[in-house]
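One structure is given here, and the rest of the page talks about it.
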Amino acid sequence: ALWPEDQDRWPKAVRANGHLMLNSSKMAKSTGNFLTMTEAVERYSADGMRFALADAGDGIEDANFVDETANTGVLRLHTQLEWTKEVLANIGSYRTGAKDQFMDQVFETTINHCINLADESYTKTLYREALKYGFYELQSARDQYRDMAAASSLGMHRDLVLRFIEVQCLLLAPFCPHICEHIWSLLGKDHSIMGALWPVAGRVDDLKLAESAYLRDVLHDFHQRIESTVAVKEKKDKAASIQTLAGMKYLVSATVYVSKEYLPWQQSVLTSLKEMHEQGDGSFPENKEIHTKLMAIPDMTKHAKKVMPFVEYMKEQTTKHGVSALNLSTAFDEVPLLEKNLPYLKKTLELESVEIQPSSGADSKVQDQCYPGQPFGVFSIEERPHVVVQLANQQPCTPHFTIQCPVFAGDSVMSVARRIVKQDGSIATAQQITLYRYNDPVAGMRSVPSADQPHANQTPLPTKAVFSLSDDRQSVMCQEVMPDGSLGDVVVVGDHMVYSL
């Protein structure tokens, strides 16, 4: 209207946004639901506030600043800083040489993939997506790599760990410049991160990404099945006898069935779904139309009860993985992938044993639920003696408290430490933890700890010590494993211990 003839003066673009919400409610002084910039910085720090704002939302929907997200962000940033310090202090102990292990290849290609996706998100000013790929996805990849390395006993590769820390700093710096600048200096950089170049992504191996996603899905699915199996067992045992579970826990074994191809009726469904997806320009028609078309396929009525549940599952997989989920086979061989990652699966799921079998040898119920890319786990459980030990953290000014942890006969100190890490996600590694026993197992736990000497009247447990259970399964004992493999004297620990970092 002002310059109708001069298009060079016209706006290049128009951007709109919604309201800024606070904890899912509209900011309003009248209700007291508001937060000033100064208050937010004082409460969460500048980086914590910027982290929560980046996670508040993209597009024109109402941005939602959530206190819990800000608090979690501060904690995760602090954890990342402490983990980085620990890594750099022990960098000489990390593996070097060729990066030819499966876990190395997955971690490296995931870092490259996250660089590309974060760069694309920043370009589009989609800051929640940028935070997702520049922080959350990278953290998940690091955690998976750490778990796989611990299970394999090979350890993480020095160059990849340093690469991760550097890339994480650069991708997160636009949101959290202060802590990223600090970590950047810890890496020994002689210039500010503000003058650093954007990280350059290497080659992305789509096959390795697919294999990694497959393992994550398998772990998620198996974890849910194990929880369901144990819950059923507990319900039955509790109904039979309230005393059955006293001093017992479960030992889980798994038989994993893998299918190389879909059943004939499933292949027909997939072929039809793919055609409908293409005809619908990337979307499926309504379920009623899908059902009508599928029931017109010869012999499909024999499987009428199974068809639509299978269709719903495949639609979910298509949303998650793209149209490739409708392929009749996977891009990789599942059996070798599972076999070389058995230590990782067993450690993560706490399985006693795992056996991999072709689905052709299973019953019809298993075959109906076992697809290429979707193995089916059958879990058997047996009761295992244990003692639930109270583990207290008596260090002043720390966010760690008392937790309950089962201790089994034959457990090592590191086994118990790993269970503590699993319960307390703010602890990076089990190696940070030292376990202490009370010198007097009965009176020690009743004494008031001293802030100056939190471990007075306590003795640290040797890292090479194993636990045993008392006959009544009310307390634990430990013995140190000597250099010649023999066991030292039995020491009564009781049912209370202390852990510190």
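Note: H455 and Y436 have parallel aromatic rings, judged against thresholds of 30 and 60 degrees for the angle between ring planes.
The nearest pair of heavy atoms linking M314 to A325 is CE-O, 3.1 Å. Contact detail for A430 and M414: the closest heavy-atom pair is CB-CE, 3.5 Å. A150 approaches K347 most closely through the heavy-atom pair CB-CE, 4.2 Å. Here the shortest heavy-atom pairing between I433 and A417 reads CD1-O, 3.6 Å. Residues C169 and I193 come closest through the heavy atom pair O-CD1, 3.7 Å. In this structure, F408 and P385 approach most closely via the heavy-atom pair CD2-O, 3.3 Å.
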Checklist entry - Given F379 and F222, is the ring-ring contact (aromatic ring centres under 6.0 Å, His included) satisfied, shown in steps? => result CA-CA 9 Å; F379 302 95; F222 284 6; 5.5 Å; yes
Item to check | T434 and S500: CA distance, side-chain angles, deciding distance, side chain to side chain donor-acceptor pair (under 3.5 Å) verdict | outcome: CA-CA 5 Å; T434 301; S500 69; 4.7 Å; no
Next on the checklist: Does N457 form a side chain to side chain donor-acceptor pair (under 3.5 Å) with S447? I'd like the steps, not just the answer.
Outcome noted: CA-CA 10 Å; N457 301 316; S447 61; 5.6 Å; no
Item to check | ring-ring contact (aromatic ring centres under 6.0 Å, His included) assessment of F175 paired with F135 | outcome: CA-CA 10 Å; F175 297 136; F135 184 75; 9.8 Å; no
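Comment: K260 engages D333 in a salt bridge, judged by a side-chain N to carboxylate O separation of less than 4.0 angstrom. Under a 4.0 Å N-O distance rule, the pair K320/D217 qualifies as a salt bridge. By the 4.0 Å N-to-carboxylate-O rule, D47 lies too far from R50 to be salt-bridged with it. Ionic pairing of R163 and E108 is not present here: no N-O contact between side-chain nitrogen and carboxylate oxygen is shorter than 4.0 angstrom.
The number of heavy-atom neighbours closer than 6.0 Å to NE2 of H220, taken from other residues, nucleotides and ligands shown, is 12 or below.
Side-chain N/O atoms of D159 and Y94 include no donor and acceptor closer than 3.5 Å. Side-chain atoms of T72 and T69 form no donor-acceptor pair, as typed in the model, at a separation below 3.5 Å. Of the N and O atoms on the side chains of S212 and Q144, at least one donor lies less than 3.5 Å from an acceptor on the other residue. Using modelled atom types, one finds no donor on one side chain facing an acceptor on the other under 3.5 Å when comparing Q317 with Q374. Using modelled atom types, one finds a donor on one side chain and an acceptor on the other under 3.5 Å when comparing Q80 with Q139. Between the side chains of E181 and S192, at least one donor-acceptor pair of N or O atoms lies under 3.5 Å.
Put simply, the side chain of T110 gets close to the backbone of V106: a donor and an acceptor are under 3.5 Å apart. Looking at W198, its side chain never comes within 3.5 Å of a backbone N or O of I115 through a donor-acceptor pair. Side-chain N or O atoms of T109 include one that pairs as donor or acceptor with a backbone N or O of D205 at under 3.5 Å. No donor-acceptor pair under 3.5 Å is formed between the side chain of Q367 and the backbone N or O of S259. A donor-acceptor pair is defined here as one N or O able to donate and one able to accept, closer than 3.5 Å; such a pair exists between the side chain of T229 and the backbone of R225. Panel note: side chain R128, backbone D58; no donor-acceptor pair is recorded below 3.5 Å. Here the side chain of Y122 pairs a donor or acceptor atom with the backbone of L171 at under 3.5 angstrom. Although no hydrogens or angles enter the test, the distance criterion places a donor-acceptor pair under 3.5 Å between the side chain of S121 and the main chain of L117. Formation of a donor-acceptor pair under 3.5 Å by the N112 side chain with backbone atoms of A201 is not found in this model. The closest donor-acceptor contact from the side chain of S470 to the backbone of S475 lies under 3.5 Å.
Within the model, atoms CG of L391 and CD1 of I420 stand 4.5 Å from one another, a figure rounded to the nearest 0.5 Å. With rounding to the nearest 0.5 angstrom, the CD atom of E166 is 12.0 Å from the SG atom of C180. Atom NZ of residue K274 and atom NE2 of residue H277 lie 10.5 Å apart, to the nearest 0.5 angstrom. The line from CZ of R146 to CZ of F107 is 10.0 Å long, rounded to the nearest 0.5 Å. One distance of note links CD of Q101 with CE of M148; it measures 9.5 Å at 0.5 Å rounding. From F332, atom CZ reaches atom OH of Y214 across 6.0 Å, with rounding to the nearest 0.5 Å.
The closest side-chain heavy-atom distance from L88 to L187 is below 4.5 Å. Here the side chains of R158 and R95 are not in contact, with every heavy-atom distance at 4.5 Å or above. The closest side-chain heavy-atom distance from L219 to Y344 is below 4.5 Å. Looking at heavy atoms from C-beta onward, L160 lies out of side-chain contact with F164 at the 4.5 angstrom threshold. Using a 4.5 Å heavy-atom threshold, the side chains of H400 and Y499 count as touching. A heavy-atom distance below 4.5 Å is found between the side chains of Y44 and D67.
Each of V256, L349, T255, V252 was scored for a side-chain contact (heavy atoms from CB on, under 4.5 Å) with V354, with one residue passing: V256.
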